[in-house]
Asks: 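For reference, the structure I am asking about is given below.
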Amino acid sequence: MVKCGVLVALVALVHFAQCSQIVPPLYRYDDFFRCQREDPSGVYCFVKVVFKENQDTFDSPRIVSDFRHNLLDWGICVNNCQREMSVVPAKNHKRLYQFKFPINYTYILPKDLFGTDLDNFKLRYSALINICVNNRLEQKYNLSQHAYSEIEYCTTRDDLESSKKTLDLPKTMFYLTVFTLVSLFVGANVTDWIGHDHAKEHIIVTSFSVRRNWSRLTEQPKSELYRNFGYIDGIRVYASVFLIIMHCAMYSGVFPVANPEYSEQVWLVALLGSNSFKLSLLYSRLRKLCLPLLASAYIPTFIFYQYDIPRSSWMNILHNFLYRNVGVAALCVCFIECFRNPPGQIRAHLSSVAMTSLGKLSYNVYVLHIPVIRLILNMFSPSFKLSLVSLLWIPQGVAVISYFVGFVAFLLIEQPVGILLKHRFVDQSKPKLA
C-alpha cells in the first residue's frame, strides 16, 4: 500500500512538471491600485476575451477537464489603453478591431447581476478595449489571430468611494446584531466572574458564559447509546475536513492564478486518484455483492477522460446513476460494518474527547468554511502561482481557521442563542407541577 502511494505521488509530480504554459494567459490584470492612483476617474473594466475556433474542444463525447483556452479573463485599466493606443497609427485601429462572431456557449455573466450602468461603459469604452486587447496580443504574445472582447463589469474611483461611505439597511442590521452579541457576551462573562451568586444564575449569564459553554462543548454523555454511537462525531470531523479539501480544489479551478495550467493537472490527477480510492474501498466492501457494478461505475470514467468514445443517452444515464449511487452504498456498508464489529482503536479515536468536541463544531464549520476560503483567496494576487506546497498548506490553513471561527460562533451565537430559544419556547411552555 505504501509503495503504491509513493508511485502515485511520483507519477503526479512528473505529470505536474510536464504541464506547459498557456499562451496567451487565461488571466491577466492591469494593476488596479496603480490605475486608481494615476487616473482621476480610475475606470477599470473586467473583460472577456474570446477567440474564434473552428472546432469546440468541449463539443466531444470525451470528458474535458481543461479550461477553455480560447476564453480569457482580463482586467483592463482604461487609462493604460488610452495611453497605449495614442502611439498606434489610426489606420491600424480598424485592422485591430474584431467584430462579434457566433459563440455557442455562455462566456459572460448577465449584466443584471451588477448595479452599475454597464451600457454606458460599453458605449464609451468597448471599441477602445477591443482594439487595445488585440494590440497587446500582437505586441506581447506575437499572435496574428484577433479576439472579440466584451466588457463584463466596470468600476471607477467614485464607485469605490461611494460604496465605502454608504451604510444601507443590511449593513446597519449586521453591525447592530454584532454589537448586541458582543455586549451580551462581555457583560455575561464579567458577571459570571465577579458577580453575585444570584446574578450568575440568570439565563443570559448562563447562556453566554465561556466557562459553562466550554464545559458543554467538552463533556461527553454517559449513556449507553452515546458510548455505542459517539464515534459518529469523529466521522463528522473527517467529513468536514474532506469537504474543505474538495472545496479548496474546486476554487483552484476558478480562482485567477498565474499558472492555470497547473490547476488543469491538479483536477485530472485528483479525479483519477479519487476514483482509484473509491474503487479500492468499494471493492473491499462489496466485492461479494456487486463487483460488475463497481467496475461499470468507475472504470469507464478513466476511459471517458482520455478517449472520444461515442455514447448514447441511455449509457450516460446508466453510468451517471451508478457513479453517483455506488459510493453511497459503500458508505452504508461501512456504517453497518462499524455497527456490527466490536469497538477497536479506530472507533476509540473517533469517540475521544477531542474528536467528539470538534464534532460539535461541524455544522458551524460547514456553514463558515466557504466565507473563510473566500477571505483567504482574496488575499492572493492574480500573480500567485499554484504549487504542490500551496496545495498542501492552503486546505490545512482553511481547516484550522474554519474550526477556530466555528468555535467562536459556538461560544458567541450557537450555544447562547440555542439556550435562550429553548428557555423561551420550550421550558416556559412546560406545565409547572404544583
Asks: Parallel under 30°, tilted from 30 to 60°, perpendicular over 60°: which one fits the rings of Y44 and F46?
Replies: perpendicular
Asks: If I take atom CD1 from residue I108 and atom CG from residue L71, how far apart are they, to the nearest 0.5 angstrom?
Replies: 9.5 Å
Asks: Return the set of residues passing side-chain contact (heavy atoms from CB on, under 4.5 Å) with L375 (not counting sequence neighbours), or none when no residue passes.
Replies: none
Asks: Is there a side-chain contact between L420 and S207, using heavy atoms and a 4.5 Å cut-off?
Replies: yes
Asks: Mark yes or no for whether H349, through its side chain, and Q345, through its backbone, hold a donor-acceptor pair below 3.5 Å.
Replies: no
Asks: Quick check with a 6.0 Å cut-off and a 45 degree axis cone: is R136 positioned over the face of Y141's six-membered ring?
Replies: no
Asks: D30 side chain to C77 main-chain N or O, any donor-acceptor pair under 3.5 Å?
Replies: yes
Asks: So, taking the atom named CG in D31 and the one named SG in C35, what distance separates them when rounded to the nearest 0.5 Å?
Replies: 8.5 Å
Asks: Is there a side-chain contact between Q139 and E84 in this structure, where contact means two heavy atoms from C-beta onward sitting under 4.5 Å apart?
Replies: no
Asks: Counting only N and O atoms by type, is there a donor-acceptor contact under 3.5 Å from the side chain of Q396 to the main-chain atoms of L392?
Replies: yes
Asks: Calculate, to the nearest 0.5 Å, the distance between atoms CD and CG belonging to E38 and N80 respectively.
Replies: 7.0 Å
Asks: Do the rings of Y29 and Y27 sit parallel, tilted or perpendicular, given the 30° and 60° boundaries?
Replies: parallel
Asks: Can you pull out every side chain to side chain donor-acceptor pair (under 3.5 Å) where at least one residue sits in residues 178-190? Sequence neighbours excluded, please.
Replies: none
Asks: For Y403, which of V408, N364, V237 qualifies under side-chain contact (heavy atoms from CB on, under 4.5 Å)?
Replies: V237
Asks: Is the number of heavy atoms from other residues, nucleotides or ligands within 6.0 Å of CZ (R83) greater than 12?
Replies: yes
Asks: Could you tell me if the side chain of R211 sits less than 4.5 Å from the side chain of D192, heavy atoms only?
Replies: yes
Asks: What do the steps show when you test F255 against F384 for side-chain contact (heavy atoms from CB on, under 4.5 Å), and what is the final call?
Replies: CA-CA 10 Å; F255 185 79; F384 175 77; 5.5 Å; no
Asks: Salt bridge (Lys or Arg N to Asp or Glu O under 4.0 Å) between D233 and K360: does it pass, once the steps are laid out?
Replies: CA-CA 7 Å; D233 278 333; K360 296 175 184 179; over 6 Å; no
Asks: Flag yes if more than 12 heavy atoms outside I346 fall under 6.0 Å of its CD1 atom; otherwise flag no.
Replies: no
Asks: Determine whether the aromatic ring centres of F101 and F99 lie less than 6.0 Å apart.
Replies: no
Asks: Could you tell me which non-hydrogen atom of A147 sits nearest to which non-hydrogen atom of Q98, and how far apart they are?
Replies: O-CB, 3.2 Å
Asks: With a 4.5 Å cut-off on side-chain heavy atoms, are N92 and N135 touching?
Replies: no
Asks: Going by heavy atoms in the side chains, are N130 and E150 under 4.5 Å from each other?
Replies: no
Asks: Are Y125 and I151 side-chain neighbours, meaning at least one heavy-atom pair lies under 4.5 Å?
Replies: yes
